2 protein chains.
Amino acid sequence: MGRWEPNARGRLEQAALELYVERGYEQTPVADIAQRAGLTERTFFRHFADKREVLFGGSGRLEELCVGAVAAAPATATPLEAVTAALDTAAGVFEERGDLVRQRQGVIDANTELRERELIKLASLSAALADALRERGVGELTALLTAESAVGVLKVAFGRWMDEGQGRPLRPLLAECFDVLRTLSARGAVGAG
Amino acid sequence: MGRWEPNARGRLEQAALELYVERGYEQTPVADIAQRAGLTERTFFRHFADKREVLFGGSGRLEELCVGAVAAAPATATPLEAVTAALDTAAGVFEERGDLVRQRQGVIDANTELRERELIKLASLSAALADALRERGVGELTALLTAESAVGVLKVAFGRWMDEGQGRPLRPLLAECFDVLRTLSARGAVGAG
DNA sequence: CTACGTGAGGACAGCCACTGTCATGAGCAC
DNA sequence: GTGCTCATGACAGTGGCTGTCCTCACGTAG
């Protein structure tokens, strides 16, 4: 056995989520998180750039997953079809750990700083998707706008998923949003439905 | 004349932008901004919620302008046409004070915290646009996705406008992005152009 | 077995963003 | 002039975050 308990990072993540849920994000000093994890404040900041980042450890992996899905899409797929595949993959990750995701999202939605951090993670995802599309030979503007649209769809569908509680699973919600998105361009679409 | 110099808020905004440009955002303590404006640090925080917000005083007005444009769009306009009108209005504001906008954007792009704040302002704009569309009788999902798409277009077109230096004005860039967006839904669009 | 390097973590001092609280004093109403 | 208002000043305090040096189990070489 090592000098220290293993998985310091994971312990910090768990302690932080617990405390953010119990007391709220703002009412939780970093020192308390570290203490619950059996570490010091200084060590917290060796593992995470700041107090927010401890909630976003998985965003890098999610991004890689989505990029991989775009790259793996058949060569005949349109850009929109490629990012649809990416979001489908992402949906799988969310639905696997539904409870954790909901708990985490509740904390994020309750605090503006955390929402800011979430938004920049989504912007990073958009940039990564655009890169992946460019790799497929998609033109610059099309790549950027497809990626932005995909993240827009993800935001709306995910929001619905959270709101609906134990309603429909995420994947059909994504599909519905992509359908509506395609409808927007239709000539004369007044969108009253 | 009052006891104090007038327009404390405006002086703080100007001093902040100057110092952020001269030294960078992180290297500028709030006390220095206040000093240049002839005020104290405490007074800075009476006018702005935090050190970032001093750069975003105009975002509320921009949001109102866009919402007004959506509301003023003819009843026959599609949701996409309504938000196009809104972004056209916004483009006018940006182009009026091109130099200020560019300087400000340079500061924002150089700092992650400021980019986060910008993103949440854009998310707020998106929510306001969705509200304005709902007021027109547009369905929930269509309103949300149209608003997200509009902000996506704004991000891409504005980024291009910044990158192109003294190239095309903003309005045609917006139009081009909306064109590409409509193309995405086309059957078989591979987007290689 | 000893010696040494490595690396995660602790101890501590300090900067600065931000807040709570009370004091100040010109302008204004009467 | 008396008293109220209210933008600002003064000052102390909390907490996020950093720089720096110290500690000490572990692995490895010899």
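A, B, ... follow the sequence lines: proteins, then strands. Residue 1 opens every chain. Keep in mind the model is a prediction, meaning the values are calculated, not measured.
Computed from coordinates, the Leu12(B) CG to dA17(C) P distance equals 14 Å when rounded to whole Å. In this structure, CD of Glu5(A) is placed 16 Å from C1' of dC26(D), rounded to the nearest angstrom. Distance CZ (Phe44(A)) to C1' (dC17(D)): 11 Å, rounded to an integer number of Å. Atom CZ of Phe45(B) and atom P of dT8(D) are 15 Å apart (whole Å). Whole-Å rounding puts the Gln27(A) CD to dT19(C) P distance at 13 Å. Remark: C1' of dC18(C) and NZ of Lys51(B) are 12 Å apart, rounded to the nearest angstrom. Remark: P of dT23(D) and CH2 of Trp4(A) are 13 Å apart, rounded to the nearest angstrom. For the pair Asp50(B) CG and dT19(C) P, the computed distance is 8 Å after rounding to whole Å.
Annotation: Arg115(B), atom CZ; neighbour count of heavy atoms from other residues, nucleotides and ligands within 6.0 Å does not exceed 12. For Glu135(B), the CD atom counts as loosely surrounded, since its 6.0 Å shell holds 12 or fewer non-hydrogen atoms of other residues, nucleotides or ligands.
Under 4.0 angstrom from either OP1 or OP2 of dA8(C) there lies no side-chain N or O belonging to His47(A). Within the structure, every side-chain polar atom (N or O) of Arg3(A) is placed at least 4.0 Å from both OP1 and OP2 of dG10(C). Remark: Thr43(A) is in phosphate contact with dG10(C), judged by side-chain N or O atoms under 4.0 Å from OP1 or OP2.
With distances taken from any side-chain atom of Val30(B) to the nucleotides dA11(C), dC17(D), dA17(C), the minimum falls on dA17(C).
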side-chain hydrogen bond (donor to acceptor under 3.5 Å, both in side chains) between Glu41(B) and Gln35(B), intermediate numbers included: CA-CA 8 Å; Glu41(B) 185 181 355; Gln35(B) 188 180 9; over 6 Å; no
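Among the heavy atoms of the strands lying under 4.0 Å from Ala8(A) are primed sugar atoms or P, OP1, OP2 only; no base atom is included. Among the heavy atoms of the strands, none lies under 4.0 Å from Arg9(A).
With the nearest nucleotide of DNA chain C identified for both Arg42(B) and Ala31(B), Ala31(B) has the one nearer the 5' end. Nearest-nucleotide assignment on DNA chain D puts the 5′-proximal partner with Thr28(A), out of Arg46(A) and Thr28(A).
A cation-pi arrangement is absent between Arg171(A) and Trp161(A), since the terminal nitrogen or guanidinium carbon is not both under 6.0 Å from the aromatic centre and inside a 45° cone about the axis. In this structure, Arg104(A) forms no cation-pi arrangement with Tyr20(A), as its terminal cationic atom is not both closer than 6.0 Å to the ring centre and no more than 45° off the ring axis.
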